[in-house]
A.B. asks: 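Structure provided below as structure tokens; questions to follow.
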Amino acid sequence: MLLFVSFNTQTTNATSVEETPIYINGGVKGLLRDLYSNLSSAITSQSDSINGRCVFKFAISKDGTIDTETIELVRNTSLPEEYVNAAKEAIKKLGKFEPGKMNGTPIKVWFNQPVIYPIPLDKIKPSE
């Protein structure tokens, strides 16, 4: 059984998940922090003139890992290919999730994750 869910826990079909996957490293805020931190290190020459958004769909497996083979671009608002590819690589580097569950059993859950440019600086990990 595959279910489609976005990070804001909205389902894209009539079926719902009893327990949505939760990013272990800080929930939604941690997910965005890690995603944009990974992305900022991947983009070597971010330009403020690049504005746009892309959306990826991917599966969180029963063990809470991202199934990198399922990462798929589902929407792009005219971003250059290098920025779309960097976003995909940033998603691949995300950590584990508590898996989604139905009737107490871990299941594979599909997520949609938008990535926006320019990178929101308030989402990036501060330098240590």
A.B. asks: What distance separates Glu19 CD from Asn103 CG, expressed to the nearest 0.5 Å?
C.D. replies: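 It comes to 10.0 Å.
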A.B. asks: Do you reckon Phe111 sits in the same ILVMFWY cluster as Ile22, going by side-chain contacts under 4.5 Å, direct or chained?
C.D. replies: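 In one cluster with Phe111: Ile22, no.
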A.B. asks: Please report the C-alpha distance between Gln113 and Leu32 in whole Å, then the side-chain angles of each, then the deciding distance to 0.1 Å, and finally whether the side-chain contact (heavy atoms from CB on, under 4.5 Å) criterion is met.
C.D. replies: CA-CA 10 Å; Gln113 178 60 50; Leu32 294 174; 3.8 Å; yes
A.B. asks: Is Tyr117 reaching over with its side chain to a backbone N or O of Leu79, donor-acceptor style, under 3.5 angstrom?
C.D. replies: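 Not a single qualifying donor-acceptor pair exists.
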A.B. asks: Out of curiosity, Asp67 CG to Lys62 NZ, how far, rounded to the nearest 0.5 Å?
C.D. replies: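 Rounded to the nearest 0.5 Å, the CG-NZ separation comes out at 12.5 Å.
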A.B. asks: Please tell me whether Ile66 and Leu73 are part of a single hydrophobic cluster in this structure, the criterion being side-chain heavy atoms less than 4.5 Å apart.
C.D. replies: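 Yes, one cluster joins them.
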A.B. asks: With rounding to the nearest 0.5 angstrom, report the CH2 to OG1 distance, Trp110 to Thr70.
C.D. replies: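 Taking CH2 in Trp110 and OG1 in Thr70, the distance rounds to 4.5 Å.
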A.B. asks: Between Thr20 and Val17, which heavy-atom pair has the shortest distance, and what is it?
C.D. replies: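 Minimum heavy-atom separation between Thr20 and Val17: N-CG1, 3.9 Å.
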A.B. asks: Any link between Val109 and Val28 through a network of hydrophobic side chains (Ile, Leu, Val, Met, Phe, Trp, Tyr) touching at under 4.5 Å?
C.D. replies: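 Both belong to a single hydrophobic cluster.
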A.B. asks: Using modelled atom types and a 3.5 Å cut-off, is there a donor and acceptor pairing between side-chain atoms of Tyr36 and backbone atoms of Ile116?
C.D. replies: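 Yes.
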A.B. asks: Nearest 0.5 Å, please: how far is CD1 in Ile50 from OG in Ser78?
C.D. replies: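 One gets 10.5 Å once the value is rounded to the nearest 0.5 Å.
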A.B. asks: Other hydrophobic cluster members with Val74, side-chain heavy atoms of Ile/Leu/Val/Met/Phe/Trp/Tyr under 4.5 Å, chained?
C.D. replies: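 Besides Val74, the hydrophobic cluster comprises Val55, listed by chain and residue number.
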A.B. asks: Got Phe56 and Val84 here, is their nearest side-chain heavy-atom distance under 4.5 Å?
C.D. replies: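 The answer is yes; the side chains approach within 4.5 Å.
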A.B. asks: Give, for atom CZ of Arg33 and atom CG of Asn38, the distance between the pair rounded to the nearest 0.5 Å.
C.D. replies: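 Rounded to the nearest 0.5 Å, the CZ-CG separation comes out at 10.5 Å.
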A.B. asks: Distance-only criterion, 3.5 Å: show the donor-acceptor pairs between side-chain atoms of residues 88-102 and protein atoms not counting sequence neighbours.
C.D. replies:
unit_1: Glu89; atom_1: OE2; unit_2: Lys92; atom_2: NZ; d: 3.3
unit_1: Lys96; atom_1: NZ; unit_2: Asp63; atom_2: O; d: 3.2

A.B. asks: Are the side chain of Thr77 and the backbone N or O of Arg53 linked by a donor-acceptor pair below 3.5 Å?
C.D. replies: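 Answer holds: yes.
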